[in-house]
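So you know, we letter chains A, B, ... as the sequences are listed, proteins then strands, and number each from 1.
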Amino acid sequence: MQITIGLKTLLAVFSYFHVQNKIMAGTPPNEFTFATILTCCSGACGFDRGRQVHSLIIKSNFESHIFVGSSLLDMYAKADRIHEARSVFERLPERDVVSCTAIIAGYAQLGLDEEALELFCHLQREGMKSNYVTYASVLTALSGLAALDQGRQVHNRVLRSDLSSYVVLQNSLIDMYSKCGSLSYARKVFDGMPERTVISWNAMLVGYGKHGIGREVIELYELMRKDKQVKPDSVTFMAVLSGCSHGGLVTEGLNIFNEMITDQDGIEPEIEHYGCVVDLLGRAGEVEKALTFIEQMPFKPTAAIWGSLLGACRVHANVLVGEYVAHRLFEIEPHNAGNYVILSNLYASAGRWADVTYIRQLMTEKSVAKEPGRSWINLGQTIHTFHASDRSHPRREEIFEKVRELSAKIKEAGYVPDLSCVLHDVDEEQKEKILLGHSEKLALAFGLIGIPHGLPIRVVKNLRICVDCHNFAKFLSKAYRREVSLRDSNRFHHILGGICSCGDYW
DNA sequence: TTAGGGTTAG
């Protein structure tokens with residue numbers, strides 16, 4: 001990988017000077033030269049060079065050439081300059097499937113999913129033809145949004161096109177369905193595939209893992225071992241180990257890790273696999289064992305690994321190890337608010353309020369800000385997004401009324417607001433008000449209003465779900481006899497009858 | 001000559 005980037009950069013520099021020399025020698029570069037050179041300027045490191053090439057392109061009057069323009073906008077998109085990319089796209093006198101796909105993919109790859117979807121729909125209305133790259137790109141955006149209805153529509157379009165047998169597209173569909181919360185559709189696509197690549201298997205395994213269905217992970221993995229067409233790779237093991245961890249299959253996970261250690265498949269465990277084992281041990285409450293494991297592994301622990309163990313310490317209320325781990329984590333990630341929040345929750349669970357206050361002060365001192373939490377819910381074709389205490393929704397009065405009604409009803413059933421989830425230094429009444437305004441609760445209340453009984457309420461959150469909101473959703477599912485599916489930044493929580501598929505560990 | 005393919009531990 002390192003070599004590839006090195007070569008690419010080298011090639012970019014070479015091509016650049018080659019072009020410059022040609023110009024100086026009186027041989028002007030043409031559309032072929034520019035389109036090629038730009039593909040070597042991708043990413044942040046090639047951006048300066050790319051911009052220089054752009055000015056040459058303008059001087060040579062090639063900016064509106066379709067191939068040159070497509071590479072140019074792709075170069076900007078890959079350097080995280082989506083506005084520049086869009087403006088190149090808008091200036092193109094004619095568009096084709098490649099230029100349209102490049103800009104849609106640009107938005108999707110930067111996580112600007114709504115913009116990607118909007119543009120896809122707009123260009124389709126204008127008569128854009130899609131090919132498999134276009135569909136794969138829009139499916140990525142739909143996965144990010146968890147927009148199941150639109151995902152199914154795109155699937156239907158794919159089925160009506162002559163692209164439906166593309167393995168790549170089917171892999172995208174598996175991923176889209178699983179990220180949109182529908183494992184059964186994902187499995188349908190998987191089962192219907194005449195041939196599968198290792199990616200197809202991995203996508204399905206990751207799906208089961210994220211949904212916490214450990215048994216299916218193991219069953220599918222065993223099925224994969226019997227399939228002579230395909231061999232597991234490093235990602236397969238990651239998917240299986242993580243699936244075991246999320247699904248609570250500790251022994252199975254450890255066995256599979258040992259199989260890797262004994263090198264049965266020629267795939268050496270990487271730091272990520274060690275990370276999965278830390279998670280596996282931590283989840284099982286073996287926090288000290290996990291710490292020893294970290295100290296003995298042949299890699300320097302990353303923030304992800306310490307983060308996993310800190311999460312385990314929070315769940316199992318191990319303040320001693322938690323404090324140690326948090327400080328290792330603060331050394332690596334001093335500005336990640338999530339870590340401070342978990343340590344604060346850990347202190348709160350142990351009733352160490354002075355330490356909770358200290359963490360809050362520390363966050364202020366270091367000006368660590370929490371990334372704003374955001375939840376959304378799809379109703380038909382529309383995505384409704386909520387921020388904390390969001391009053392921008394046209395049906396806000398109804399929504400806030402529903403949250404209050406909900407809260408009162410589940411309190412009767414035993415729900416107690418977990419005030420330790422509020423880091424602001426305010427009185428208890430205020431804390432409860434802040435908690436009730438959490439974006440997940442607004443989205444859940446809106447789902448309860450808008451989604452007919454009998455259908456699951458599917459909510460997506462951009463961060464890890466908060467402890468109080470998780471508890472709230474559990475009580476809601478029982479009191480209103482509703483199935484709740486919550487996707488957070490980590491995994492799915494399927495909540496039914498007051499019980500969550502994550503086993504309260506996340 | 002242009003987009004480019006899907007899966008990755010907290």
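Residue contacts shown for A:A303 include a base, since a base heavy atom lies under 4.0 Å away. Looking at heavy-atom distances under 4.0 Å, A:E270 makes no contact with the nucleic acid at all. Within 4.0 Å (heavy atoms only), A:A102 reaches sugar-phosphate atoms of the nucleic acid but no base atom. Among the heavy atoms of the strands lying under 4.0 Å from A:N339 is at least one base atom, whether or not backbone atoms are also near. Residue contacts for A:Y274: at a heavy-atom cut-off of 4.0 Å it reaches no nucleic acid atom on any strand shown. Counting non-hydrogen atoms under 4.0 angstrom, A:S71 reaches the backbone sugars and phosphates but no base. Within the 4.0 angstrom heavy-atom criterion, no nucleotide atom of any strand lies near A:T236. Within 4.0 Å of A:D233, counting heavy atoms only, lies no atom of the nucleic acid at all. Among the atoms of the strands shown, base atoms are found under 4.0 Å from some heavy atom of A:V235.
Ring to ring, A:Y185 and A:H155 are not that close: their centroids are 6.0 angstrom or more apart. Centroid-to-centroid, the aromatic rings of A:F330 and A:Y340 come within less than 6.0 Å.
Both the sub-6.0 Å distance and the 45° axial angle are satisfied by A:R196 relative to the ring of A:F190.
Scanning for side chain to side chain contact (heavy atoms under 4.5 Å, CB included) contacts around A:E126 gives A:R95, A:H122, A:L123, with sequence neighbours left out. Under the side chain to side chain contact (heavy atoms under 4.5 Å, CB included) criterion, A:T292 pairs with A:Q296, sequence neighbours left out.
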Quick one: side chains of residues 280-288 of chain A, donor-acceptor pairs under 3.5 Å with protein atoms, not counting sequence neighbours, listed by atom name and distance.
unit_1	atom_1	unit_2	atom_2	d
A:R283	NE	A:S245	O	2.3
A:R283	NH2	A:H246	O	3.1
A:R283	NH2	A:C502	O	3.3
A:E288	OE2	A:N318	ND2	3.3

Residues 267-278 of chain A, side-chain donor-acceptor partners within the protein, below 3.5 Å, at least two apart:
unit_1	atom_1	unit_2	atom_2	d
A:E270	OE2	A:S234	OG	3.1
A:H273	ND1	A:E270	N	2.8
A:H273	NE2	A:S234	O	2.9

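A donor-acceptor contact shorter than 3.5 Å links the side chain of A:D468 to the backbone of A:D418.
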Could you walk me through whether A:L183 and A:F492 pass side-chain contact (heavy atoms from CB on, under 4.5 Å), step by step?
-> CA-CA 11 Å; A:L183 273 180; A:F492 275 89; over 6 Å; no

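Counting 5' to 3', DNA chain B first comes under 4.0 angstrom of a heavy atom of chain A and last does so at the ends given by B:dT1 to B:dG10.
Within residues 208-230 of chain A, the residues having any heavy atom under 4.0 Å from DNA chain B are, by residue number, A:K210.
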